[in-house]
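Encoded as structure tokens, the structure appears first; notes follow it.
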Amino acid sequence: MPNSVASQTLFLYSTTVSDVGTVRSNNQDSAFAGEHLIAICDGMGGHAGGDTASTIAIRSLAHIEHDDVNGDVSTVARMMETSVMAAHDAIVGKAKRERKLAGMGTTVTAVALVAGYWVLAHIGDSRAYLLRDGRLTRMTQDHSYVQHLIDTGRISPAEARNHPQRNVVMRVLGDFDIDPHPDIAIRAAHPTDRWMLCSDGLCGVLEDSTIEQTLTAYSDQEECAQQLVSMALKAGSTDNVTAVIADATLALDADAFDLPHQTPLVAGAASASLEPIADILNEPVATAPMLRDANASPAQRAAALIQSQPASQPSPRVAQPSAVREENGERANPDTGEIPVIQKRDGHVTDDPNDPDVVKAIHHERQTQRKETRKRGRRNRLIAILIVIAALALATGGAFGAYRWSQTKYFIGNADGVVAVYQGVNTNVFGLALSHEVKRTNIDIDSLPQAWRDQLQDGITFNSYDEAIQHVQVIRQEKSNFNDNSNTSKSSGDAGNGTSDSSDSSDSSDSSGSNGTDGDSSAGSSQTDGGTAAGTAGDTGTDASSTGTDGGDAQ
């Protein structure tokens, strides 16, 4: 990448403003505004996770503020990509060590001014806008689901603004199984270029035309950032809102002694711990200005600008690098790992493990840690016991309720080959029957039709005992009808067999004649004796034949 001759004459002035918003309880955005680097990171993953992820990303990128490698644009571009990937690895590693941070992540949008060129790194749905010659250009593409829908023509940009899945990010740094490589772009820098980086809490509610108008109307960087954040909150943003404004400035004399300089500013979650960033840069860093009262009148805002330090706004905090802190005595109790640092009665500070006071402090710390460990263990065991008790109570209550319900039901079934009435349902749970016999009948199952046998095998269910008893009577009646039909069919079959035997006998003609004679005799006897012949017909076969003969003679 060629270097620009005018690269030494371009300088960057920047500022940032971040606000927690009206809904969130904490600010998960982090921002950096320096002389060579600006960045915005929008964290996600819960109360602690988003804070941690965005802070890690800012710390990973901060070294680019002074590591310009003699203006080598290609090298800085590779450094930015490597720094973003290092932030990803750090976030994943911390999430694995601390389970409460699992699922955390962050977006990254960063711009560096190197040798007259802008180097842009981007991943996620935060945005970078460039205002050049009064025209606003969006320099990043959202790595979001709704942007994918827009790119594929499924929805319009207007529909995307209110889409229910507009916050779903498809590429982001963090504890996710997705591509963490950022988009890298390089573009020639021009004097008077103005950048605006923002989280989706701002660009998600403000139109690009509104952003362009505001960037053009307010030349003062801080006032411009204040206006953009305030407008986003008034427009109904429910997220953290952060804006970074940076202007490219042309120095008239690049060799002058008093070159433009500013203290790097840190906003949002990363501002809670400035010292690590100051150590990375080896120079002071300060917290960014707070959002002024959005409801203040224009006169109040003007008065606040005139005052050197508004009473309603806390003083910005400045953190010095470690070397300066040690000289100033601000590191009286440095972090030494397991060995505590104690102050002797004479004012001397020591962490010598052979010092009796240090040994006593170590013993005290270990006792405190053991007590805390035991306390956590007891608390965890108690919670586990309560969870088990609650689960058993829930299971027992459910089982009891199911049993009580089952006992409101009745069914007719098979009990050792006879019909019986049961209370409950015809099933069992873990070997426990949910029914018991309440009445046994004398109706033999085998004496019933096959259709009835099949129903009784599965159980015929009723809502009351009376309904079950009534159905037993129906079964009894059906059995009686079934038996009567069976006897009738059997009698018909026997009569048919008798006729066949008579016809097969050798004296069939005589038997037919005798039967005919008996018929006449019976009829004649009935007419003459008034029913005596009917009784005589019930005698043995020999008597019947004789009577029949006599009857024929009488006629």
Side-chain angles (χ1 to χ4, degrees), residues 45-46 99-100 102-103 145 164-165 167-168 175-177 376-501:
R99 292 185 178 180
K100 67 177 182 179
Y145 179 65
Q165 294 177 304
N167 295 323
V168 177
D175 189 21
F176 310 102
D177 186 20
R376 284 195 299 269
R378 287 194 297 267
R379 183 168 59 250
N380 292 338
R381 285 194 297 271
L382 179 60
I383 292 173
I385 292 172
L386 292 176
I387 291 174
V388 171
I389 292 174
L392 290 175
L394 183 63
T396 302
F400 181 73
Y403 179 77
R404 288 289 301 272
W405 171 84
S406 70
Q407 297 309 296
T408 64
K409 304 295 181 182
Y410 293 84
F411 71 91
I412 301 173
N414 187 345
D416 300 328
V418 298
V419 176
V421 178
Y422 292 85
Q423 182 179 7
V425 292
N426 189 21
T427 187
N428 64 79
V429 179
F430 302 116
L432 177 64
L434 298 183
S435 63
H436 60 278
E437 183 181 328
V438 294
K439 182 178 179 59
R440 182 175 293 202
T441 70
N442 59 357
I443 303 174
D444 191 357
I445 296 290
D446 292 337
S447 66
L448 298 175
Q450 186 61 44
W452 282 100
R453 297 180 199 175
D454 295 340
Q455 292 186 50
L456 290 170
Q457 188 65 33
D458 296 333
I460 306 174
T461 306
F462 301 95
N463 290 324
S464 68
Y465 177 75
D466 292 339
E467 291 180 5
I469 293 299
Q470 291 176 6
H471 205 77
V472 167
Q473 299 303 325
V474 173
I475 294 175
R476 194 183 300 276
Q477 183 62 41
E478 288 294 328
K479 175 193 174 185
S480 177
N481 295 340
F482 177 71
N483 290 340
D484 289 346
N485 292 335
S486 296
N487 292 336
T488 302
S489 299
K490 185 177 180 180
S491 298
S492 299
D494 292 343
N497 291 336
T499 304
S500 176
D501 293 340

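Here the structure is a predicted model, which is why all the values come from computation and not from measurement. Numbers for residues simply follow the sequence, beginning at 1. FYI, side chains are in, hydrogens and waters are out, and symmetry mates aren't considered; it's all heavy atoms of this structure.
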Between [X] and [Y], what is the shortest heavy-atom contact and its length?
{"X": "Ala415", "Y": "Ala420", "result": "CB-CB, 3.5 Å"}
{"X": "Ile460", "Y": "Leu456", "result": "CD1-CD2, 4.0 Å"}
{"X": "Ile443", "Y": "Val472", "result": "CD1-O, 4.0 Å"}

Notebook entry, point to check: Looking at side-chain heavy atoms only, is the closest gap between Asn426 and Thr461 below 4.5 Å?
Noted result: no
Check: For the rings on Tyr410 and Phe462, is their centre-to-centre separation under 6.0 Å?
Finding: no
Output the distance between atom [atom1] ([X]) and atom [atom2] ([Y]), rounded to the nearest 0.5 Å.
{"X": "Phe411", "Y": "Gln423", "atom1": "CZ", "atom2": "CD", "answer": "10.5 Å"}
{"X": "Asn380", "Y": "Ile385", "atom1": "CG", "atom2": "CD1", "answer": "11.0 Å"}
{"X": "Ile412", "Y": "Lys439", "atom1": "CD1", "atom2": "NZ", "answer": "11.5 Å"}

Check: Does Tyr422 reach the main-chain N or O of Lys409 with its side chain, forming a donor-acceptor pair under 3.5 Å?
Finding: no
Check: Would you say Ser406's side chain and Val425's backbone share a donor-acceptor pair under 3.5 angstrom?
Finding: no
Next item on the list: Tell me, please, which residues at least two apart from Glu467 pass salt bridge (Lys or Arg N to Asp or Glu O under 4.0 Å).
Entry: none
Notebook entry, point to check: Considering residues at least two apart in sequence or located in another chain, which fulfil the side-chain hydrogen bond (donor to acceptor under 3.5 Å, both in side chains) criterion with Asn442?
Noted result: Arg476
List the atom pairs, with distances to 0.1 Å, where a side-chain N or O of residues 445-452 and a protein N or O form a donor-acceptor pair under 3.5 Å, not counting sequence neighbours.
unit_1: Ser447; atom_1: OG; unit_2: Asp444; atom_2: O; d: 2.6
unit_1: Gln450; atom_1: OE1; unit_2: Arg453; atom_2: NH1; d: 3.4
unit_1: Gln450; atom_1: NE2; unit_2: Asp454; atom_2: OD1; d: 3.0

